[in-house]
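In what follows, a structure is listed as structure tokens, so that the remarks can point back to it.
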2 protein chains.
Amino acid sequence: MTKPRSRRGGGRPTIADVARKAGVGAITVSRALREPGRVSEDLRRQIQAAVDELGYVPDPNARALASARAEVFGVLVPSLTNNVFAEVVRGIYDSLSDSPFRIQIGNTHYSGLEEERLLQVFGSQRPAALIVAGIDQTPGARRLLENAGCPVVQVMETGPDPVDMMVGFSHLDGGRTAAEHLLQAGYRKIGFIGARMDPRSQRRLAGYRAAMEAAGLFDPRLITTTPVPSSVTLGRELFRDALAKMPTLDGVFCNNDDIALGVLFECHRASIDVPKQIGIAGFNDLDMMQVSFPSITSVRTHRYEIGTRAVAMALAAIAGNRPEQRIVDLGFELMRRESTAR
Amino acid sequence: MTKPRSRRGGGRPTIADVARKAGVGAITVSRALREPGRVSEDLRRQIQAAVDELGYVPDPNARALASARAEVFGVLVPSLTNNVFAEVVRGIYDSLSDSPFRIQIGNTHYSGLEEERLLQVFGSQRPAALIVAGIDQTPGARRLLENAGCPVVQVMETGPDPVDMMVGFSHLDGGRTAAEHLLQAGYRKIGFIGARMDPRSQRRLAGYRAAMEAAGLFDPRLITTTPVPSSVTLGRELFRDALAKMPTLDGVFCNNDDIALGVLFECHRASIDVPKQIGIAGFNDLDMMQVSFPSITSVRTHRYEIGTRAVAMALAAIAGNRPEQRIVDLGFELMRRESTAR
DNA sequence: CAGACAAATGGTAGCGCTACCATGCAGAGC
DNA sequence: GCTCTGCATGGTAGCGCTACCATTTGTCTG
């Protein structure tokens, strides 16, 4: 009577097929695959042979449904093309490539609402862990993270109040360090040029401001920002705006390296000597900063490591030994180069 | 007797909860959510109210298991940080953001074996569609694609023998066009500098070679390549190698824009005049090429559109109307700039 | 050598959803 | 009046897997 539906799955082998072939129960196959230690050597070999012969691959959907837990890491980043986040994501992928965990990336487009929506979607899958960029979640997003029922790692930044765990560094300190370096190098009219101005950029700006105020040199007219997404082209344009506004500018701290590169190119074009007339400092230290002419001073951040570390912490939490240090500050490194060597 | 397991899912509402609250059958809820047209206006409203009140989000795992089809697009790219692929992925994400489809990205690290392994993993999920970069799959990977039981789109390149559908352009023509442009501009000793040398780079090289041979100017010593991953730093180094090997070089066609930028910086550093002494052409036309000083000639490719187009074709195929044109050539555009304006 | 206990294996009953097949009911056609 | 059709809705039976408990076997105690 129980006429089985005609194999909806298109004939791929199931755990029952493997069990039959190996002459064992389905549950034993399941165990052999997930906890090999709990199955005798003999059966394990037999089962492995059957798996290989049939080309069996477990259905992750069925697995997730039965165990109420999907082997998925949910990752939320504001941009896929921004090299900074791409590096973090690469670190995550590399750390997870030999594990059974899959990765699901969500692109929030720097929008809190979008982040909230994606968390809702991700939550419906009962992910094994969540990695989210930034610490400025909306109240709704924060609630979703707190109730996710899985380890959560906030990355890119550190802050006082983690949902669960954190890996990053202080953007405020990074901004201050860059500005202080420009001051030490002898620059005085140091501008800040920033695009996008997401929360991290805001904090770099705050660091710059703190340094300038401490030196008694702060002037709001030194700041040139835009909410427009960052690009090299935009860097050039913003620098021209900044110069028009304040022709006596003798240095710039750029929000990021794209902007810094745009500034450098404009200096070339306008025959402005770097570092003599203008000092330039960037942020993130992309590969090209050390090769450009002149090479550009930048704050090196450890993006790839942020990704690998976040995964390591999440994995530890999943395994039941939550790391003692819930907030990991990976710091940054000021790379002094020709562009500020006055 | 049938003591229900104590709600493994951690208490999130199920379709049965919604059905109870709305006073309808579970199947009607399912239908209201997936095919609203088949449920009466009244019930639809009632059900929507219950969904909203309970905060119900369907479990994609259960859905996939029951329907033998996951609402997932599998995407396979060789790199996550290479801007070229990041742009394609961004196009895919943007095109799918309002659909119920999730995206799963695999990073093949330019390895055919890894690609095969990932296809195996992806296949176990019964994805709704697969988008893979490149056309040079291993025989095993090709078989997996052919038996995937879903639309498949190969992207980045066009070729004669699609698994299913294709969106891209001819890298050979692109390479030839760049080389011909350099020749027309009056350069004669035109080098080729390439890193990574994946199949697409190989075809750009072949295009370059064809142009040079047609002009009777080909010389194998003009070619400088390495399997090392591409970077601006590497561009500088390879250019120095190329110059050491052939000091009379008067032009270079670079594999990609990173390399071209490295070449430009080295020219600045060595006081080589661009475009007078050396002409430079890149590939892909990243944003910065138009801003650099001098601006750099490059072959513009339509990465974002490749992503959006691939999704559109896959979506059409899923909906049952497979596009007539199975191979879409999005072409490229030579952007002539200062670096080759002799 | 009985009893206790651990290790290895299996059976059963779902996980939350949808495919498939009823069922009920209104209107159409004879 | 009756059957026939088509539409809206519901019930049942799984999808492929694992949690939970039961069973079997072997090993160790006293």
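- Atom C1' of nucleotide D:dA8 and atom CD1 of B:Ile47 are separated by 12 Å, given to the nearest angstrom.
- Rounding to whole angstrom units, CD of residue B:Glu41 and P of D:dC7 are separated by 18 Å.
- Nearest nucleotide to the side chain of B:Arg34, out of D:dC17, D:dG16, C:dA19: C:dA19.
- To the nearest angstrom, P of C:dG16 lies 9 Å from CG of B:Asp17.
- Of the side-chain N and O atoms in A:Ser30, one or more sit less than 4.0 angstrom from OP1 or OP2 of D:dT18.
- Side chain of B:Thr14, nearest nucleotide from C:dA19, D:dC17, C:dG16: C:dG16.
- When the P atom of D:dT18 is taken as reference, atom CD of A:Glu71 falls 9 Å away, rounded to whole Å.
- Under the 3.5 Å distance criterion, with hydrogens and angles disregarded, no donor-acceptor pair is assigned to the side chains of B:Ser67 and B:Arg63.
- Minimum atom distance to the side chain of B:Asp59 is reached by C:dG16, of the listed C:dG16, D:dT18, D:dT9.
- Nearest to the side-chain atoms of B:Val24 among the listed nucleotides D:dG10, C:dT9, C:dG16 stands D:dG10.
- Side-chain contact between B:Ile15 and B:Pro58 is absent, with no heavy atoms from C-beta onward closer than 4.5 Å.
- Residue B:Thr28 places at least one side-chain N or O closer than 4.0 Å to OP1 or OP2 of D:dG10.
- Considering every non-hydrogen atom in both A:Ala133 and A:Glu115, the closest pair reads O-OE2, 4.1 Å.
- Residue B:Arg69 contributes atom CZ, which lies 14 Å from atom C1' of D:dC15 at whole-angstrom precision.
- Ion pairing between B:Glu146 and B:Arg143 fails under the 4.0 Å rule for side-chain N and carboxylate O.
- The distance from atom CG of B:Leu33 to atom C1' of C:dT18 is 12 Å, rounded to the nearest whole Å.
- Relative to the side chain of B:Arg38, the nucleotides C:dT9, C:dC17, D:dT9 differ in distance, and D:dT9 lies closest.
- Atom P of nucleotide D:dT9 and atom CG of B:Asp42 are separated by 9 Å, given to the nearest angstrom.
- Per the geometry, CD1 belonging to B:Ile15 stands 13 Å off P belonging to D:dG11, to the nearest Å.
- Ionic pairing of B:Arg12 and B:Asp59 is not present here: no N-O contact between side-chain nitrogen and carboxylate oxygen is shorter than 4.0 angstrom.
- Residue B:Leu65 places its side chain closer to D:dG16 than to any other of D:dG16, C:dT9, C:dC17.
- Phosphate proximity of C:dT9 to A:Ser40: present, with a side-chain N or O under 4.0 Å from OP1 or OP2.
- Relative to the side chain of B:Ile27, the nucleotides C:dC17, D:dG10, C:dG16 differ in distance, and D:dG10 lies closest.
- One N or O donor and one acceptor, one from the side chain of B:Arg31 and one from the base of D:dG10, sit under 3.5 Å apart.
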